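Residues take their numbers from the sequence shown, with the count starting at 1. Keep in mind that what you see is a predicted model, and the values were worked out from it rather than measured.
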Amino acid sequence: MKVKFRNIRRFTLLNLSFLVMVFLLLCAGIFAYFIMLSNETNEFTVNYIETELTDEFTPVGEFKGGSRYVKEVSVENTGSAACYVRIFAKIKQQKARDSIDVNFDRENWTEKGDFWYYNEPLAPGDTAKPLFTELNVKEDVLDFEMICYQEAVQAEGVSSASAAFDQEGK
């Protein structure tokens, strides 16, 4: 009698495990069917980012100490999407750097490292407020060269210019 009871228990356990496997396969099939019915479309668009650096300056042969010279550096968004911009602006010669004060606009621009970040995104067709408008010369300067260039990143999906450019290298 013990032999029969053991076989019945094995038979019941085998049937039960078979039913559990069938149930799991059936659930997986139903789940796959419902996923197939839900039709999701991932849409995206590609925007065109183009900006132009504006550097208004009339070169002079020699900077005289105690003088002010007009130099306006800004960026215009000529592309089709809003963007964040940053400008690198540095006087090349060390002696000239020590002798000239640049009046940077710290209200609309934020300095981080070697770059100045415009605080607001630029809409297509907009021009940023100038990074600076004049150079104040303390001592005579014979040799002057200022390097200015700009970069832009699409504004959509980021909260600030600094965050937009931090993501660029990752």
Side-chain angles (χ1 to χ4, degrees), residues 31-170:
F31 183 70
Y33 175 75
F34 283 122
I35 286 177
M36 180 191 71
L37 286 181
S38 68
N39 189 6
E40 296 287 329
T41 303
N42 186 11
E43 295 181 19
F44 67 95
T45 58
V46 178
N47 286 317
Y48 183 63
I49 302 294
E50 185 174 350
T51 54
E52 192 172 308
L53 182 71
T54 305
D55 187 350
E56 295 179 18
F57 179 63
T58 305
V60 294
E62 179 182 339
F63 285 91
K64 299 287 184 189
S67 299
R68 291 182 173 179
Y69 297 91
V70 175
K71 180 172 175 70
E72 289 189 9
V73 174
S74 188
V75 177
E76 180 183 2
N77 182 354
T78 57
S80 64
C83 64
Y84 283 108
V85 295
R86 68 180 181 180
I87 295 178
F88 174 85
K90 189 173 187 178
I91 298 172
K92 189 173 179 180
Q93 302 84 359
Q94 183 63 46
K95 183 180 183 321
R97 215 176 305 146
D98 295 338
S99 302
I100 298 174
D101 286 330
V102 181
N103 69 331
F104 290 105
D105 175 1
R106 296 179 186 278
E107 184 177 324
N108 296 297
W109 294 84
T110 302
E111 182 179 20
K112 183 177 177 189
D114 289 335
F115 287 92
W116 288 88
Y117 295 80
Y118 195 60
N119 295 334
E120 299 296 323
L122 278 181
D126 284 356
T127 301
K129 293 194 168 122
L131 174 59
F132 55 89
T133 56
E134 67 181 15
L135 306 172
N136 299 317
V137 181
K138 298 181 278 189
E139 300 174 13
D140 290 355
V141 175
L142 297 173
D143 192 19
F144 172 81
E145 185 178 352
M146 185 169 208
I147 301 167
C148 296
Y149 75 90
Q150 58 83 28
E151 298 174 347
V153 174
Q154 184 173 335
E156 188 176 336
V158 290
S159 59
S160 69
S162 180
F165 286 98
D166 285 347
Q167 294 300 320
E168 183 180 72
K170 292 182 182 178

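No donor-acceptor pair closer than 3.5 Å links the side chain of Arg86 to the backbone N or O of Glu151. Side chain of Ser67 to backbone of Val137: no donor-acceptor contact under 3.5 angstrom is found.
Counting only heavy atoms from C-beta outward, the side chains of Arg68 and Asn103 never approach each other to under 4.5 Å. At a threshold of 4.5 Å between non-hydrogen side-chain atoms, the residues Tyr69 and Ile100 do not count as touching. Side-chain contact check for Val102 versus Met146: some heavy-atom pair is nearer than 4.5 Å. Two residues are said to be in side-chain contact when any heavy atoms from C-beta on lie closer than 4.5 Å; Lys138 and Asp101 meet this criterion.
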Worksheet item: Can Gln150 and Leu131 be said to form a side chain to side chain contact (heavy atoms under 4.5 Å, CB included), step by step?
Response: CA-CA 11 Å; Gln150 58 83 28; Leu131 174 59; over 6 Å; no
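Between Lys129 and Asn108, the shortest heavy-atom contact is CD-ND2, 3.3 Å. In this structure, Thr51 and Asn77 approach most closely via the heavy-atom pair CG2-CA, 4.1 Å. When all heavy atoms of Leu122 and Ala128 are compared, the pair lying nearest together is CD2-N, 3.6 Å. In this structure, Ser74 and Leu53 approach most closely via the heavy-atom pair O-CD1, 3.3 Å. Taking both residues in full, the closest heavy atoms of Gly79 and Pro124 are given as O-CB, 3.4 Å, listed atom of the first, atom of the second, then distance. Of all heavy-atom pairs between Ala82 and Ile49, the closest is O-CD1, 4.0 Å.
To the nearest 0.5 Å, the span separating CD on Glu52 from OG1 on Thr127 amounts to 9.0 Å. If you take CD1 on Ile87 and OH on Tyr149, they are separated by 11.5 Å, rounding to the nearest 0.5 Å.
When each of Phe88, Phe165, Trp109, Tyr84 is tested with Tyr117 by the rule ring-ring contact (aromatic ring centres under 6.0 Å, His included), just one qualifies, namely Phe165. Applying the side-chain contact (heavy atoms from CB on, under 4.5 Å) test between Leu142 and each of Gln93, Glu62, Lys95 identifies Glu62 as the sole match.
Around NZ of Lys92, the count of heavy atoms belonging to other residues, nucleotides or ligands within 6.0 Å does not exceed 12. Under a cut-off of 6.0 angstrom, the local environment of CD in Gln94 is crowded, with over 12 non-hydrogen atoms contributed by other residues, nucleotides or ligands. For CD of Glu120, the number of neighbouring non-hydrogen atoms (other residues, nucleotides, ligands) closer than 6.0 Å is 12 at most.
Below 30°, between 30° and 60°, or above 60°: for Phe132 and Phe104 the angle between ring planes is above 60°, a perpendicular geometry. Ring planes of Phe63 and Phe57: parallel class, angle under 30° (limits at 30 and 60°).
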